[in-house]
Undergrad: 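Structure provided below as structure tokens; questions to follow.
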Amino acid sequence: MNLRNGNIGFGLVGIGMSGGFMAKELNYVEGAELVGVCSRNETEVRRFARTHQAKHWFTDYRHLAEHDDVDVVIVSAPTGLHAEMTIAASNAGKHALVEKPLETTLERADEMIAVCRSNQTKLGVVFQMRFGVVARTLKEAVESGRLGRVFLSDAVDKSSRSTAYYSSAAWRGTKALEGGGCLMTQSIHIIDLLQYLMGPARSVMGRVATRYHNIEVEDTATAVITFTNGAMGIIESTSSVRTALKSRIELHGELGTVVANAQYDQFLLWDIKGDEGRVEVAPNLEFTDIDDPWAYPQTRHRVQLQDMVDAIREDRDPVLTGEDARVSLAIISAIYDSSRLGKEVFLDSYRPKPPIV
């Protein structure tokens with residue numbers, strides 16, 4: 001802990017879109033202080049440090065992780081760098097809060113988790129949609145039985161990313177540093193929410209393709225998902241539609257149907273027998289969405305930042321751990337394999353392997 005003022009000192013690696021969100025939201029977190037920032041571009045990182053009143057700036061993430069003022073390293077760098085940065089932080093005795101996805105592969109994700117557990121440092125992962133009213137209300141509806149037995153559950157995410165978006169950074173759209181396309185970078189949020197609501201996935205049958213953009217990874221994907229509780233569902237993802245549409249989670253149970261958008265935290269439909277007035281359905285909700293990845297609600301990031309502060313002070317795990325974040329990565333990895341193999345893939349073989357003793 002930063003002993004000079006009693007605050008938890010945060011060091012931020014990566015000053016792009018998600019890094020900017022984090023730096024801004026830290027201003028609203030009790031007991032937190034942005035003490036350092038890191039980017040390879042010295043001119044930009046010095047400017048960013050001045051803008052956000054960070055005391056220290058670095059061009060090497062290892063130097064940030066080793067600094068005495070830093071208690072938590074926020075990893076907002078390209079996905080394919082998450083493991084090395086998180087492991088460096090953990091080996092320096094620092095906790096880590098990592099932007100989703102956890103990493104590009106399950107092997108690298110498992111290494112991150114194992115090192116942090118071995119070093120007894122905390123590992124949290126940013127999935128901000130889990131922390132809104134929609135997620136909380138849907139979780140309660142499923143677990144309490146309000147919907148009855150849920151037999152069909154869908155996650156639909158039809159976004160639009162321009163050529164300028166993919167050319168804005170050299171790592172975007174690359175297999176090595178992004179790991180995947182629309183499933184991995186955009187739709188992983190609602191895939192995470194779907195499995196959080198429905199429980200473990202049993203199998204997937206997926207198809208991925210690059211239909212529109214000149215990138216190494218998919219921009220169009222579909223999958224049939226089956227859960228261990230017997231429910232089925234569809235995952236539909238793209239970054240290529242001409243007009244972006246609001247993403248949605250749809251749950252269909254014996255007693256009714258609910259449809260919600262977790263990004264903007266709004267309900268589109270709540271029709272459950274005997275429970276019709278429980279939530280406020282957004283009136284006149286526009287079906288289309290904005291075509292700007294910067295312009296979405298950011299305040300739920302502060303919930304996870306505050307949780308990391310509280311987890312350190314209470315000596316507990318963050319609410320959403322590396323193990324939690326691994327689940328959606330496993331589902332997406334299975335969809336990629338299913339598409340490549342042309343057959344149904346079962347999630348049992350994607351579970352974490354027991355440690356070697």
Undergrad: So with a 6.0 Å cut-off around CD of E254, is the heavy-atom count from everything else above 12?
TA: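 Count over threshold, so yes.
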
Undergrad: Among Q304, Q128, K100, which residue satisfies the side chain to side chain contact (heavy atoms under 4.5 Å, CB included) criterion with L320?
TA: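 Exactly one option meets the side chain to side chain contact (heavy atoms under 4.5 Å, CB included) with L320, and it is Q304.
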
Undergrad: Test: side chain to side chain donor-acceptor pair (under 3.5 Å). Region: residues 132-145. Which pairs qualify, not counting sequence neighbours?
TA: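 Listed by first then second residue: K139-E143, E140-S144, E140-R146.
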
Undergrad: If I take atom OG1 from residue T226 and atom CE from residue M198, how far apart are they, to the nearest 0.5 angstrom?
TA: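 Taking OG1 in T226 and CE in M198, the distance rounds to 10.5 Å.
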
Undergrad: Within this structure, what is the CD-CG distance for the pair Q195 and L193, rounded to the nearest 0.5 Å?
TA: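 Q195 atom CD to L193 atom CG measures 8.5 Å (nearest 0.5 Å).
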
Undergrad: Which heavy-atom pair separates A49 from V37 by the least distance, and what is that distance?
TA: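 Nearest pair, atom of A49 first, then V37: CB-CG2, 3.7 Å.
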
Undergrad: Count the heavy atoms belonging to other residues, nucleotides or ligands that lie under 6.0 Å from OH of Y212, then report whether that count exceeds 12.
TA: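 No.
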
Undergrad: With heavy-atom distances below 4.5 Å as the criterion, would you say the side chains of L329 and L106 are in contact?
TA: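 Side-chain contact under 4.5 Å: yes.
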
Undergrad: State, to 0.1 Å, how close S76 and S18 come at their nearest heavy-atom pair, and which atoms those are.
TA: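 Taking every non-hydrogen atom into account, CB-OG, 3.3 Å.
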
Undergrad: side-chain contact (heavy atoms from CB on, under 4.5 Å), that's the test. Do F227 and M232 meet it? Break it down for me.
TA: CA-CA 6 Å; F227 296 93; M232 298 183 297; over 6 Å; no

Undergrad: Do D219 and T210 pair up side chain to side chain, a donor and an acceptor below 3.5 Å, judged on atom types alone?
TA: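 T210 and D219 do not have a side-chain donor-acceptor pair below 3.5 Å.
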
Undergrad: With a cut-off of 6.0 Å (strictly less than), are more than 12 heavy atoms of other residues, nucleotides or ligands near CZ of R40?
TA: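 Counting neighbours around CZ of R40, 12 or fewer heavy atoms of other residues, nucleotides or ligands fall under 6.0 Å, so no.
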
Undergrad: Under a 4.0 Å threshold between the charged nitrogen and the carboxylate oxygen, would R130 count as salt-bridged to D192?
TA: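 Salt bridge present between D192 and R130.
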
Undergrad: Answer yes or no: is there a side-chain heavy-atom contact under 4.5 Å between L102 and H82?
TA: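 No, too far: nothing below the 4.5 Å cut-off.
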
Undergrad: Under a 4.0 Å threshold between the charged nitrogen and the carboxylate oxygen, would R278 count as salt-bridged to E276?
TA: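 Judged by the 4.0 Å cut-off on N to carboxylate O distance, E276 and R278 do not form a salt bridge.
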
Undergrad: Is there a side-chain contact (heavy atoms from CB on, under 4.5 Å) between W270 and L268 once you walk through the steps?
TA: CA-CA 7 Å; W270 184 279; L268 287 68; over 6 Å; no

Undergrad: Under 3.5 Å, side chain of E323 to main-chain N/O of I113, donor-acceptor pair present?
TA: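 Here the side-chain-to-backbone pair does not exist.
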
Undergrad: Would a distance-only check, ignoring hydrogens and angles, find a side-chain to backbone donor-acceptor pair under 3.5 Å from H252 to V150?
TA: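 Side chain of H252 to backbone of V150, a donor-acceptor pair under 3.5 Å: no, none is there.
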
Undergrad: Same cluster or not: are L183 and V156 linked, directly or through other Ile, Leu, Val, Met, Phe, Trp or Tyr residues, by side-chain heavy atoms under 4.5 angstrom apart?
TA: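 They do not share one cluster, since no chain of ILVMFWY contacts under 4.5 Å joins L183 to V156.
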
Undergrad: Please report the C-alpha distance between E111 and I87 in whole Å, then the side-chain angles of each, then the deciding distance to 0.1 Å, and finally whether the side-chain contact (heavy atoms from CB on, under 4.5 Å) criterion is met.
TA: CA-CA 8 Å; E111 185 181 8; I87 290 169; 3.7 Å; yes

Undergrad: Is the CZ atom of R316 crowded by more than 12 outside heavy atoms at less than 6.0 Å?
TA: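 More than 12 within 6.0 Å, yes.
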
Undergrad: For the CZ atom on F346, are there more than 12 heavy atoms of other groups (residues, nucleotides or ligands in this structure) within a distance under 6.0 Å?
TA: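 Check passes, neighbour count above 12.
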
Undergrad: Mind checking the OG-CZ spacing from S333 to R326? Nearest 0.5 Å is all I need.
TA: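 These two atoms lie 8.5 Å from each other.
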
Undergrad: CG/L347 to CZ/R351 distance, rounded to the nearest 0.5 angstrom?
TA: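 Output value for this atom pair is 5.0 Å.
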
Undergrad: Assess the residue pair M22 and F10 against the criterion (side-chain contact (heavy atoms from CB on, under 4.5 Å)); give the C-alpha distance rounded to whole Å, side-chain angles, the decisive distance to 0.1 Å, and a yes or no.
TA: CA-CA 10 Å; M22 289 296 197; F10 283 77; over 6 Å; no

Undergrad: Between R300 and E25 (salt bridge meaning N to carboxylate O under 4.0 Å), is one present in this structure?
TA: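 No, no charged N to carboxylate O under 4.0 Å.
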
Undergrad: Is the backbone N or O of K343 less than 3.5 Å from a side-chain atom of S338, with the two atoms forming a donor-acceptor pair by type?
TA: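 Yes, the answer is positive, given that a donor and an acceptor are paired below the 3.5 Å cut-off.
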
Undergrad: Between the main-chain N or O of D317 and the side-chain N or O of K122, is there a donor-acceptor pair closer than 3.5 Å?
TA: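 No; judged by distance alone, with no hydrogens or angles, the pair does not exist.
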
Undergrad: Is L245 reachable from V281 through a run of hydrophobic residues whose side-chain heavy atoms are each under 4.5 Å from the next?
TA: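 Different clusters: V281 never reaches L245 through Ile, Leu, Val, Met, Phe, Trp or Tyr contacts under 4.5 Å.
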
Undergrad: With the 4.5 Å side-chain cut-off for hydrophobic clustering, are L64 and V115 part of the same group?
TA: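 Not linked; separate clusters.
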
Undergrad: Around atom CG of N214, are there more than 12 heavy atoms from other residues, nucleotides or ligands closer than 6.0 Å?
TA: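 No - once you tally the heavy atoms of other residues, nucleotides and ligands closer than 6.0 Å, there are 12 at most.
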
Undergrad: Answer yes or no: is there a side-chain heavy-atom contact under 4.5 Å between L123 and T86?
TA: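 Side chain of L123 against side chain of T86, heavy atoms only: contact under 4.5 Å found.
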
Undergrad: Keeping the roles fixed (side chain from H213, backbone from T163), state whether a donor-acceptor pair exists under 3.5 Å.
TA: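 A pair under 3.5 Å: no.
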
Undergrad: Give the minimum heavy-atom separation between S239 and C182, together with the two atoms involved.
TA: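 Looking at all heavy atoms of both residues, the closest pair is N-CB, 3.8 Å.
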
Undergrad: So, does E44 use its side chain to make a donor-acceptor pair with the main chain of E42 at under 3.5 Å?
TA: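 The answer is no, because no donor-acceptor pair under 3.5 Å joins these two groups.
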
Undergrad: Does the side chain of R161 reach to within under 4.5 Å of the side chain of S159, using non-hydrogen atoms?
TA: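 R161 reaches S159 side chain to side chain.
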
Undergrad: Do NZ/NE/NH1/NH2 and the carboxylate oxygens of R313 and D310 come within less than 4.0 Å?
TA: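 Salt bridge absent between R313 and D310.
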
Undergrad: For R108, is there any backbone N or O sitting under 3.5 Å from a side-chain donor or acceptor partner on E103?
TA: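 Not a single qualifying donor-acceptor pair exists.
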
Undergrad: Could you report the tightest heavy-atom contact between C38 and I15, atom names first, then the distance?
TA: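 Taking C38 first and I15 second, the nearest heavy atoms are O-CG2, 4.1 Å.
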
Undergrad: Is there a chain of hydrophobic side chains (I, L, V, M, F, W, Y, each step under 4.5 Å between heavy atoms) that links L194 to V224?
TA: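 They do not share one cluster, since no chain of ILVMFWY contacts under 4.5 Å joins L194 to V224.
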
Undergrad: Without swapping roles, check the side chain of K94 against the backbone of D68 for a donor-acceptor pair under 3.5 Å.
TA: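 Pair absent, no side-chain N/O of K94 close to backbone of D68.
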
Undergrad: If we only count heavy atoms from C-beta on, is the H63 to Y61 side-chain gap below 4.5 Å?
TA: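 No - every pair of side-chain heavy atoms lies 4.5 Å or more apart.
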
Undergrad: Is the terminal nitrogen or CZ of K158 (NZ for Lys, CZ for Arg) located under 6.0 angstrom from the six-membered ring centre of F287 and within 45° of that ring's axis?
TA: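 No, K158 does not sit over the ring of F287.
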
Undergrad: Side chains of Y336 and E218: do they bring a donor and an acceptor to under 3.5 Å?
TA: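 Yes - a donor-acceptor pair under 3.5 Å links their side chains.
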
Undergrad: Within a radius of less than 6.0 Å around CD of E344, do more than 12 heavy atoms belonging to other residues, nucleotides or ligands occur?
TA: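 Buried by this count: over 12 neighbours within 6.0 Å.
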
Undergrad: Short question: side chain of E99, backbone of V75 - any donor-acceptor pair under 3.5 Å?
TA: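 Side chain of E99 to backbone of V75, a donor-acceptor pair under 3.5 Å: no, none is there.
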
Undergrad: If we ignore hydrogens and angles and just use 3.5 Å, is the side chain of D71 paired with the main-chain N or O of G9 as donor and acceptor?
TA: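 Yes; judged by distance alone, with no hydrogens or angles, the pair exists.
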
Undergrad: Return yes when atom CD of E280 has more than 12 non-hydrogen atoms of other residues, nucleotides or ligands closer than 6.0 Å, and no otherwise.
TA: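 At most 12 heavy atoms, drawn from other residues, nucleotides or ligands, come within 6.0 Å of this atom.
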
Undergrad: Check V98, L97, V13, L12 against V73 for a side chain to side chain contact (heavy atoms under 4.5 Å, CB included) and give me the one that passes.
TA: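 That would be V13.
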
Undergrad: Can you name the nearest heavy-atom pair linking V204 to I225, along with the distance?
TA: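 Scanning both residues completely, I find the closest heavy atoms to be CG1-CG1, 4.0 Å.
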
Undergrad: Rounded to the nearest 0.5 Å, what's the gap from OG on S328 to CD1 on I191? Could you check?
TA: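 Those atoms lie 7.5 Å apart.
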
Undergrad: Assigning hydrophobic clusters by single linkage (Ile, Leu, Val, Met, Phe, Trp, Tyr; side-chain heavy-atom cutoff under 4.5 Å), is V319 placed with V303?
TA: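 Same cluster.
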
Undergrad: List the atom of V309, the atom of G31, and the distance in Å for their closest heavy-atom pair.
TA: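 Closest approach of V309 to G31: CG1-O, 4.1 Å.
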
Undergrad: Can you find a side-chain donor-acceptor pair between D324 and Y196 that sits under 3.5 Å?
TA: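 No - no donor-acceptor pair under 3.5 Å links their side chains.
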
Undergrad: Is R172 close enough and on-axis enough to Y166, meaning under 6.0 Å and within 45°, for cation-pi?
TA: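 No, cation not above the ring by the 6.0 Å, 45° rule.
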
Undergrad: Any heavy-atom pair between the side chains of V217 and T185 that's under 4.5 Å?
TA: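 The answer is no; the side chains never approach within 4.5 Å.
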
Undergrad: Parallel, tilted or perpendicular: which one describes the rings of H56 and F58, with boundaries at 30° and 60°?
TA: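 Rings of H56 and F58: tilted, 30 to 60°.
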
Undergrad: Would you call L138 and V134 a side-chain contact if the rule is heavy atoms closer than 4.5 Å?
TA: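 Contact flag for L138/V134 side chains = yes.
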
Undergrad: Roughly how far, to the nearest 0.5 Å, is the CG atom of D289 from the OG atom of S247?
TA: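 Nearest 0.5 Å value for the OG-CG distance: 7.5 Å.
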
Undergrad: Are V72 and I312 packed together at the side-chain level, in the sense that at least one heavy-atom pair is separated by less than 4.5 angstrom?
TA: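 A side-chain contact exists here, since the closest heavy-atom pair is under 4.5 Å.
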
